[in-house]
A.B. asks: 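What follows is a structure written as structure tokens; I'll ask about it next.
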Amino acid sequence: MRRPDDSLPATPVSGNLPSELNGFVGRGPELAELERLLAGARLVTVTGVGGVGKSRLVLAAARRAQERYCDGVWLAELSAVRDPALLELALAEALGLTDHTVRPPRTVLAEHLAGRELLLVLDGFEQLVEECAELLLELLRRAPGLRVLAAGRRPLALAGEQSFPLAPLETADAVTLLTERAAAADPAFAPTRADRAVVAELCARLDGIPLALELAAGRLRALSPAQVLARLEDRFALLTGGARGALPRHRALRTAIGWSHELCTPGERLLWARLSVFAGRFDLDAAEYVCAGPDLPVESVLDLVGELLGQSLLVREETPAGVRYRMLETVRMYGAGWLESLGDAARLRQRHRDWYTGLATWCELDWFSSRQHEVAALVEAELPNLRLALECCLEDPEEIHLGQYLAGTLWFYWAGCGRLTEGRLWLDRSLEPVGRAGPQYGSARLKALWVLGYVAALQGDTVASMSALHECRDAAALSGNPVATAYAVHRLGCLALLSDDMVRAGELLGAALTHYREAGELNSNVLMCQVELAMSMAFQGDAAGARALCEEAREICEDRGERWAKAYALFVLAYAALDAGGAAEARRLLTECVAINHAFHDLLGLVLALELLALVTVTDGEPAEAAVLQGAAEQLWDSVGLRLFGSAYFNAPRLMCQERAGELLGAERYEAAARHGRDLTLEALVERALRGPERRAEGGVPRPRGTAESPPPPPKGSGRASVETNSL
């Protein structure tokens, strides 16, 4: 059962295990043994050579165990995480956690897991063994209901860990796997009796290693089993000769991959090596830009990708951002070795960095358009590669400015899509050194400074925000950069707004709008500035002026297809509507606001809308439902940051709702309803908020024994929202 002091997950509690793309073959005894080990140990690590099937086995075991963990089974794929500083963020992301505070991610993880019973599945941690072991040791100590099922090439070496070495497939299962995969690739594949004997010999030569069998199955589209076996035998001694002392199954795996490499055309080999520069998934456009050159024409890349797919060296996947390709980690590492031997790794990493810097630039421009949702999905899909590009920028002191530019350009993702903690990490890193390339306060550094100030303000870190924004404003004035001046003044106004200094906020935000117009800027930031100015006016009692500014902003948003800034405009319009007695209009506006903020995973906008929606709900005569929404909002604030920023203005709707609902329900019934809200998942909460008054038919709010089934009628005059401007 979910505890009241835990932050709400962003995904359903059942977990995030991916669906199987093809059948799972064999491994019955291994699954039974894993089930037995998990019943008695809190950490079980499946070990074995790359390609032996560790990942598929732990996923199969995890699926079988789902019903035994009330808080779900969660998969963290770590193969694309190479920077130790990102390990904790990767685990938080896998668990569906969003945290906008300045708390260390490790603290957030420990607090989230402390009261839960769940199974965490870790895969691909080899490059971070020590860091992973240290983190798991702390989490297992602080979360008694946590169990971990890991897959790696060696154990984590923690006390209490149960290691389960995974052997290759038995001959019968190996034959079944190879024939099933060959038939899936070529439905016409039908081995004769003679072929079956050759297939069995082929499986034996490959030691029953699933990855090796998959690669061989890919070749059966073009070759007979006898031809595959002959070619394998021709190269067996050569391809295993360099692995002196290695285990037979390690030699067999290298044989299979090396044999596939030998059978590739020169173009296929070259593309294989160059594709190894990507982290995780990539699309065709990226592959064409990064990998093409005089020796690999861009028009040939598509056909070569198709050939690598046919040989099981690439995997095609459908994602929310479109078709993506990926390499199994063992195959990628083999290609990376060839790329290093070619002496081309550094150049390819720079091309990779350039592509993803350009991608971020176009995404920033596209954010101010009707493609906002697609942009959010695209950046989410490309995050591992964007991280790799940021790492590349920050490795060279001469290219620090590129890292500052890239970290700053992704402001819309950090602030608009629930990634404040990671954004803060990259911004802090990029601003630590000044760098020797370009002026000390070039436009890239100024951009990173105002974005850092913005992110820190949203995290409630006033000191860091003020420092970065003042530095940006002063340096922009000295260097004659009016655009950076506008952004710095804007975010200083935002900081004043969150600090309850409404007079100062109005002055700064108004000045920022003037700077923006003089600089010719019009984008989501400018519209947010206008909305924030309207917010300061509404808080000071000028509802008419606030409404006019937000109506104008909403019109521009609708004309451009912009939705993120529009959601905040809707919030202010709902505030003004409620102040004027229009509860129905306020509900309509807030419903749309909730839907938009949830789509972008903007928890700050979401929790503000829910607090105001709770006040609308009690005004509508539904105090129990208002208490449910209020309890749920309290949970969200734990992830958003400093609760309500300590602001009396932002806090007023919550206090008014608590007072009214508490009077109508009584303390015991109010707390029961609020506790019900705290127990809701984020998905359930949003669905409930979007359904509106229809939820009354559910009768789903728990009541203490002996209370009436219906709440008392609202007091006279409660149909109009008494939102005094001096208290909001």
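On a predicted model such as this, the values are computed, not experimentally measured, just so you know.
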A.B. asks: So does Glu340 have more than 12 non-hydrogen atoms from other groups sitting under 6.0 Å from CD?
C.D. replies: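 No, the 6.0 Å shell around CD holds no more than 12 heavy atoms from other groups.
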
A.B. asks: Side chain of Ser499, backbone of Asp501: donor and acceptor closer than 3.5 Å?
C.D. replies: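 No, the answer is negative, given that no donor and acceptor are paired below the 3.5 Å cut-off.
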
A.B. asks: Does Val290 reach the side chain of Phe278, with side-chain heavy atoms less than 4.5 Å apart?
C.D. replies: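 Side-chain contact under 4.5 Å: yes.
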
A.B. asks: Step by step, would you call Val375 with Trp564 a side-chain contact (heavy atoms from CB on, under 4.5 Å)?
C.D. replies: CA-CA 12 Å; Val375 167; Trp564 176 65; over 6 Å; no

A.B. asks: At their closest point, which heavy atom of Ala512 faces which heavy atom of Cys529, and how far apart are they?
C.D. replies: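 Heavy atoms of Ala512 and Cys529 come nearest at CB-SG, 3.8 Å.
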
A.B. asks: So, does Glu317 use its side chain to make a donor-acceptor pair with the main chain of Arg324 at under 3.5 Å?
C.D. replies: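 Checking the backbone N and O of Arg324 against the side chain of Glu317, no donor-acceptor pair under 3.5 Å is found.
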
A.B. asks: With a 4.5 Å limit on heavy-atom distance, are the side chains of Tyr405 and Cys393 in contact?
C.D. replies: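 They are not in contact (no side-chain heavy atoms under 4.5 Å apart), so the answer is no.
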
A.B. asks: Test your reading of the model: is there a side-chain donor-acceptor pair from Trp74 to the backbone of Gly96, 3.5 Å cut-off?
C.D. replies: no

A.B. asks: What is the distance from atom OH of Tyr487 to atom CG of Asn481, rounded to the nearest 0.5 Å?
C.D. replies: 10.5 Å

A.B. asks: Would you name the heavy atoms of Ala609 and Cys593 that are closest together and state the gap between them?
C.D. replies: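 So the two residues come closest at CB-SG, 3.8 Å.
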
A.B. asks: Are the side chain of Arg42 and the backbone of Leu146 linked by a donor-acceptor contact shorter than 3.5 Å?
C.D. replies: yes

A.B. asks: Inspect the contact between Arg82 and Glu391 and indicate whether a charged nitrogen and a carboxylate oxygen are less than 4.0 angstrom apart.
C.D. replies: no

A.B. asks: With a 4.0 Å cut-off on N to O distance, would you call Lys447 and Glu364 a salt bridge?
C.D. replies: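 Salt bridge between Lys447 and Glu364, a charged N being under 4.0 Å from a carboxylate O: yes.
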
A.B. asks: Given side chains that start at C-beta, do those of Arg424 and Leu452 come closer than 4.5 Å, heavy atoms only?
C.D. replies: yes

A.B. asks: Take a 6.0 Å sphere around CD of Glu130 and say whether it holds more than 12 heavy atoms from other residues, nucleotides or ligands.
C.D. replies: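 For Glu130, atom CD is not crowded (no more than 12 foreign heavy atoms under 6.0 Å).
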
A.B. asks: For Leu339, is there any backbone N or O sitting under 3.5 Å from a side-chain donor or acceptor partner on Asp344?
C.D. replies: no

A.B. asks: Okay, side chain of Arg326, backbone of Gly280: is any donor-acceptor separation there less than 3.5 Å?
C.D. replies: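 No.
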
A.B. asks: Using a strict 4.0 Å threshold on nitrogen-to-oxygen distance, state whether Glu422 and Arg419 make a salt bridge.
C.D. replies: yes

A.B. asks: Please report the interatomic distance OG1(Thr681) to CD(Gln635), rounded to the nearest 0.5 Å.
C.D. replies: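 Separation between the atoms: 11.5 Å.
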
A.B. asks: Looking at side-chain heavy atoms only, is the closest gap between Arg491 and Arg473 below 4.5 Å?
C.D. replies: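 Arg491 vs Arg473: side chains apart.
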
A.B. asks: Heavy atoms only: give me the nearest Cys291-Leu348 pair and the separation to one decimal.
C.D. replies: CA-CD1, 4.5 Å

A.B. asks: Carefully, step by step, assess Tyr356 and His352 under the rule ring pair (Phe, Tyr, Trp, His ring centres under 6.0 Å).
C.D. replies: CA-CA 6 Å; Tyr356 285 100; His352 175 278; 4.7 Å; yes

A.B. asks: Show the numbers, then the answer: is there a side-chain contact (heavy atoms from CB on, under 4.5 Å) between Val686 and Asn597?
C.D. replies: CA-CA 10 Å; Val686 170; Asn597 285 319; over 6 Å; no

A.B. asks: Is Glu611 reaching over with its side chain to a backbone N or O of Val607, donor-acceptor style, under 3.5 angstrom?
C.D. replies: no

A.B. asks: State which residue, out of Leu86, Leu109, Val108, fulfils the side chain to side chain contact (heavy atoms under 4.5 Å, CB included) condition with Leu91.
C.D. replies: Leu109

A.B. asks: Check this for me, if you would: do Glu395 and Arg349 make a salt bridge, where the nitrogen-to-carboxylate-oxygen distance has to be below 4.0 angstrom?
C.D. replies: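 Yes, this pair counts.
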
A.B. asks: Would a 4.5 Å heavy-atom cut-off, applied to side chains only, mark Leu95 and Leu113 as touching?
C.D. replies: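 In short, these two side chains touch, coming nearer than 4.5 Å.
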
A.B. asks: Would you check if the side chain of Ser465 reaches a backbone N or O of Asp461 as a donor-acceptor pair within less than 3.5 Å?
C.D. replies: no

A.B. asks: Nearest heavy-atom pair of Phe125 and Thr45: which atoms, and what distance?
C.D. replies: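 So the two residues come closest at CZ-CG2, 4.2 Å.
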
A.B. asks: Between Leu425 and Thr421, is any pair of side-chain heavy atoms under 4.5 Å apart?
C.D. replies: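 With C-beta onward as the side chain, the pair stays apart.
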
A.B. asks: Between atom CG of Asn523 and atom CZ of Arg560, what is the distance when rounded to the nearest 0.5 Å?
C.D. replies: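 It comes to 9.5 Å.
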
A.B. asks: Roughly how far apart are Leu469 CG and Asp474 CG, rounded to 0.5 Å?
C.D. replies: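 Reported to 0.5 Å precision, the distance equals 10.5 Å.
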
A.B. asks: Are the side chain of Gln372 and the backbone of Arg563 linked by a donor-acceptor contact shorter than 3.5 Å?
C.D. replies: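 At least one qualifying donor-acceptor pair exists.
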
A.B. asks: Is there side-chain contact between Leu122 and Leu136, with heavy atoms separated by less than 4.5 Å?
C.D. replies: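 Yes, side chains in contact.
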
A.B. asks: With the side chain counted from C-beta on, respond yes when Asp83 and Arg429 share a heavy-atom pair under 4.5 Å apart, and no when they do not.
C.D. replies: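 Answer yes - side chains close enough.
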
A.B. asks: Set out, in order, the CA-CA distance, both residues' side-chain angles and the distance that settles side-chain contact (heavy atoms from CB on, under 4.5 Å) for Phe571 and Met535, then state yes or no.
C.D. replies: CA-CA 9 Å; Phe571 169 79; Met535 199 176 292; 4.1 Å; yes

A.B. asks: If you compare all heavy atoms of Leu410 against all heavy atoms of Ala360, which two are closest, and at what distance to 0.1 Å?
C.D. replies: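 That closest heavy-atom pairing would be CD2-CB, 4.0 Å.
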
A.B. asks: Report the relative orientation of the aromatic rings in Trp411 and Trp450; use parallel for angles under 30°, tilted for 30 to 60°, perpendicular for over 60°.
C.D. replies: tilted

A.B. asks: Do Tyr413 and Glu380 have side-chain atoms, one donor and one acceptor, less than 3.5 Å apart?
C.D. replies: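 Looking only at side-chain atoms, Glu380 and Tyr413 do form a donor-acceptor pair, the distance falling under 3.5 Å.
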
A.B. asks: Enter the distance from Glu532:CD to Leu527:CG here, rounded to the nearest 0.5 Å.
C.D. replies: 11.0 Å

A.B. asks: Supply the atom-to-atom distance Leu406 CG to Glu399 CD, rounded to the nearest 0.5 angstrom.
C.D. replies: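 Answer rounded to 0.5 Å: 12.0 Å.
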
A.B. asks: Tell me the closest heavy-atom pair linking Ser479 and Leu446, and the distance in Å.
C.D. replies: OG-CD1, 3.9 Å

A.B. asks: Please test Tyr516 against Asn525 for side-chain contact (heavy atoms from CB on, under 4.5 Å), starting from the C-alpha separation and ending with a verdict.
C.D. replies: CA-CA 10 Å; Tyr516 279 137; Asn525 276 302; 4.3 Å; yes

A.B. asks: Donor-acceptor pair, distance only, cut-off 3.5 Å: does the side chain of Asp283 make one with the backbone of Val323?
C.D. replies: no

A.B. asks: Is the ring pair Phe282/Tyr325 parallel, tilted or perpendicular, if the boundaries are 30 and 60 degrees?
C.D. replies: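 Ring orientation of Phe282 relative to Tyr325: tilted.
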
